[in-house]
Amino acid sequence: CAPGMLQRGKTPGAPTSGVCRPWGVRSRGRRALHAAPARSREVMLSRERYSVQRLPFSRLSDSDVAFFERVMPGRVVTNPEELKPFNVDWLKSVRGCSKLMLKPQTTAEVSQVLRYCYERNLAVNPQGGNTGLVGGSVPVFDEIILSTVLMNQIISFDKVSGILVCQAGCILEKLNEYLEEQGFIMPLDLGAKGSCHIGGNVATNAGGLRLLRYGSLRGTVLGLEVVLADGSALDCLASLRKDNTGYDLKQLFIGSEGTLGVITAVSILCPQKPKAVNLAFLGCQSFAKVLETFTTCRAMLGEILSAYEFMDEKCMELVERHLKLSSPVTGSPFYVLIETSGSNSIHDEEKLNYFLEQAMTSGLVTDGTVATDDKKIKASTRLICISLIHQTLWSLRERITEALTHDGYVYKYDISLPVGKLYDLVTDTRARLGWSAKNVVGYGHLGDGNLHLNITAESYSHSLLDAIEPFVYEWTARYNGSISAEHGLGFKKKQFIQYSKRREAVFLMQRFKAMLDPKGILNPYKTLPSSS
C-alpha cells in the first residue's frame, strides 16, 4: 500500500497522482529540535523580569576556579562569550549570569565538584541539552553550570533483556540510532531528540510521542546513579525488572529537575524496534470528531497504536507561514496524526485501512493522507520517498514549537486534563484574551490527555501575563487537571504548584529537599515554592 491521499468516497490507502511528492521536505536527515532564530535584543535577566532575590550563596572566587581546573583541566569554561548560550533557555525567555561552566566526564568528577560546592556553599545548576521549556535548565543568578555534555558513554546493552545502561549526557537520538542497529528503540521520543540528554529527560520525567505505547519513564527507568548535594554517590543502577527490596529511591529523582541530586547514569528498558510503521494524517471538522476518532482508533487498532497527536488549524498556519512546510491536508479546523507500530506489515495495514474506511464513511474524518511501510517495495528511490513522507508528516507536528518561536514571545502551558475538556481551555483562553494576544493555539498528545496551550505576542508583556495567569491554572484546577503534564515546573511554574498539589504534599516535598540538600545548592529557585 503506497502513501496516498484519502478523500471521502475513495478507498483508504489507494495511491493517487504524485504519491511520492515529499510535501515541504527540507534537506534534513532526521527529526530534531531545530535552532530558534536569534533575537535582535538580548534576553532580559530573569532576576529583573521576575523580581527574584538572590539567596545567600557564596560567590565564585579565583581559588574556586583554580580548584576546578585541577579536577578537570581543560574542561572549565569562564569565557563570557562561550557561556552566553548556556545562560539562556531555548525559548529565549529566561537568562542567568553564570560565570563558570564545568564539564565533568565521570561520576567521580561530579562527586568532587558537588562536595567542594557544598562545603563552599556555591549554588549549582545541572544542565543537559538545555531544551527545557519552563526555565529549569539555566541559572537564575550566578549558579555554576554543571554540564553533562561530555558524559556521553554507553556502558552496556543486553540484547536479551533489552536493558540499556548509559551515562546521563547521551543524546536521545544517538541512543536511538545505537539501539536501532541492535533491533531495539528507546521507549521515549521527543521533538528535541537531536539535542536533549537522557539524564535531563529522566530528571524532568519527559513524556513525548511514545508514551501512549510504552508508558512513562517512571515505568521504563530501572535504575539510576545519582550524586547528592554533599558529593556522595548513590548507586541504584539496577538492571532488574523486579526488585522489591525497600523503598524505590530512583522515583525520588525522576521528575525532580535536578533539585535533589545530579543524575549521572541511567538504566532503562528498551522495546524491540517495530518491523512496520504506518502514519495517517487526517482532517476533522470539530474537536468532538477528534475525540470520537480517537475512541474508534483505539478500539480498532488496539495493540499497534503508538501515537495519537492532534493540532488545530492555527498550528498548521504557523508551521506553513514560518517554516515553509506544506501540509498534504488542508481546510479542516483540526488535524490528527496517527502512528501504528507492529511486527507484521500486512496485518497492520489491513487494520489501519479498515479503521480509515470506517472513519471516512462515518464522517469522522473528511480528508487525509496515509503513508505505509510496505516491505514489499524494493526500489531504493521508493523507500527514500516513503521515509521522507514519514519524516515530513511528523515534522508538521514536532516543529510547531519551533514555528511558535518565530511568531513572537511565547507563553507556554503544558496541561493535563480529562480528554473531553482538553480543547475547551483553548477556546476559553482565546475568548478571554481577544486581540491582546497574537495567536492562541492548542495541540498535543490527545492519547494521554496532554494539551500544549501556547499564546504568542509581539513581545513580553506583564499585563498579558496577568491576564493568562492564574486564569489558566484556576481553569485547570477546576477540572482536576495538572498544570504540568510533562515539562516540569522549573523556574516559571513553581509558585503555582498548589493548583495541582495539596499543601500537605508540597510540605512533604520540601522536607525531602531539606533532607537531601539542606543548604539548597542544587538548582535553586526551581520546582518548589520557597519554604516559609
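Numbering starts at 1 and runs along the sequence shown. Only this structure's heavy atoms are used, side chains among them; waters, hydrogens and symmetry mates stay out. Predicted, not measured: the structure shown is a model, and the values here were computed from it.
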>> Among residues at least two apart in sequence or on other chains, which ones pass salt bridge (Lys or Arg N to Asp or Glu O under 4.0 Å) with Glu486?
In response: none
>> Strictly by ring-ring contact (aromatic ring centres under 6.0 Å, His included), give each pair with a member in residues 209-233 just once, sequence neighbours left out.
In response: none
> Can you tell me if Asp89 and Asn130 form a side-chain donor-acceptor pair at under 3.5 Å?
Replying inline: no
> Counting distance only, does the side-chain N/O of Tyr525 pair as donor-acceptor with the main-chain N or O of Leu55 below 3.5 Å?
Replying inline: yes
> Is the NZ or CZ atom of Arg432 both under 6.0 Å from the centre of the six-membered ring of Phe471 and within 45° of that ring's axis?
Replying inline: yes
>> If I take atom CG from residue Leu164 and atom CD1 from residue Ile154, how far apart are they, to the nearest 0.5 angstrom?
In response: 6.0 Å
> Given the rule in the ring-ring contact (aromatic ring centres under 6.0 Å, His included) test, do Tyr423 and Phe334 qualify, once you have shown the distances and angles that lead to the verdict?
Replying inline: CA-CA 11 Å; Tyr423 202 75; Phe334 295 92; 4.7 Å; yes
> Can you tell me if Lys438 uses its side chain to pair, donor with acceptor, with the backbone of Asp407 under 3.5 Å?
Replying inline: yes
> What do you reckon, are the aromatic ring centroids of Phe287 and Phe310 less than 6.0 Å apart?
Replying inline: yes
> Got a salt bridge between Lys250 and Asp248, using NZ or NE/NH1/NH2 to carboxylate O under 4.0 Å?
Replying inline: yes
>> Just to verify, what does Arg218 make a side-chain hydrogen bond (donor to acceptor under 3.5 Å, both in side chains) with, not counting sequence neighbours?
In response: Gln251
Side-chain donor-acceptor pairs of residues 201-209 under 3.5 Å, sequence neighbours excluded:
from: Asn201; atom 1: ND2; to: His197; atom 2: O; distance (Å): 3.4
from: Thr204; atom 1: OG1; to: Gly200; atom 2: O; distance (Å): 2.8
from: Thr204; atom 1: OG1; to: Asn201; atom 2: O; distance (Å): 3.3

> Hey, is CZ on Arg478 packed in by over 12 heavy atoms from elsewhere, all under 6.0 Å?
Replying inline: yes
> Picking from Lys492, Glu469, His487, His452, what satisfies side chain to side chain donor-acceptor pair (under 3.5 Å) with Tyr413?
Replying inline: Glu469
> Would you say the side-chain atoms of Lys412 pair up with the backbone N or O of Leu453, donor to acceptor, closer than 3.5 Å?
Replying inline: no
>> Within the supplied structure, the quantity of interest is the number of heavy atoms (other residues, nucleotides, ligands) at a distance under 6.0 Å from Glu48 CD; does it exceed 12?
In response: yes
> Are the side chain of Asn87 and the backbone of Lys84 linked by a donor-acceptor contact shorter than 3.5 Å?
Replying inline: no
>> Please identify which of these residues, Lys99, Arg95, Arg54, meets the salt bridge (Lys or Arg N to Asp or Glu O under 4.0 Å) condition with Asp142.
In response: Arg54
> Within a reach of under 6.0 Å around OH of Tyr479, are more than 12 heavy atoms found that belong to other residues, nucleotides or ligands?
Replying inline: yes
>> Within a 6.0 Å radius of atom NZ on Lys174, are there more than 12 heavy atoms belonging to other residues, nucleotides or ligands?
In response: no
>> With a 3.5 Å distance limit and no angle check, can you tell me whether Gln167 reaches the backbone of Asn152 through a side-chain donor-acceptor pair?
In response: yes
> Going by an N to O cut-off under 4.0 Å, is there a salt bridge joining Glu257 and Lys526?
Replying inline: no
> Can the ring centres of Tyr116 and Tyr118 be said to be less than 6.0 Å apart?
Replying inline: no
> Is a donor on one side and an acceptor on the other found under 3.5 Å between the side chain of Lys513 and the backbone of Thr259?
Replying inline: yes
>> Test of understanding: with side-chain contact (heavy atoms from CB on, under 4.5 Å), list the residues that count as partners of Phe512, not counting sequence neighbours.
In response: Leu252, Leu508, Met515
>> According to salt bridge (Lys or Arg N to Asp or Glu O under 4.0 Å), who are the partners of Arg115, at least two apart in sequence or on a separate chain?
In response: none
> Is it true that Asp189 and Lys193 make a salt bridge, defined as a side-chain N closer than 4.0 Å to a carboxylate O?
Replying inline: yes
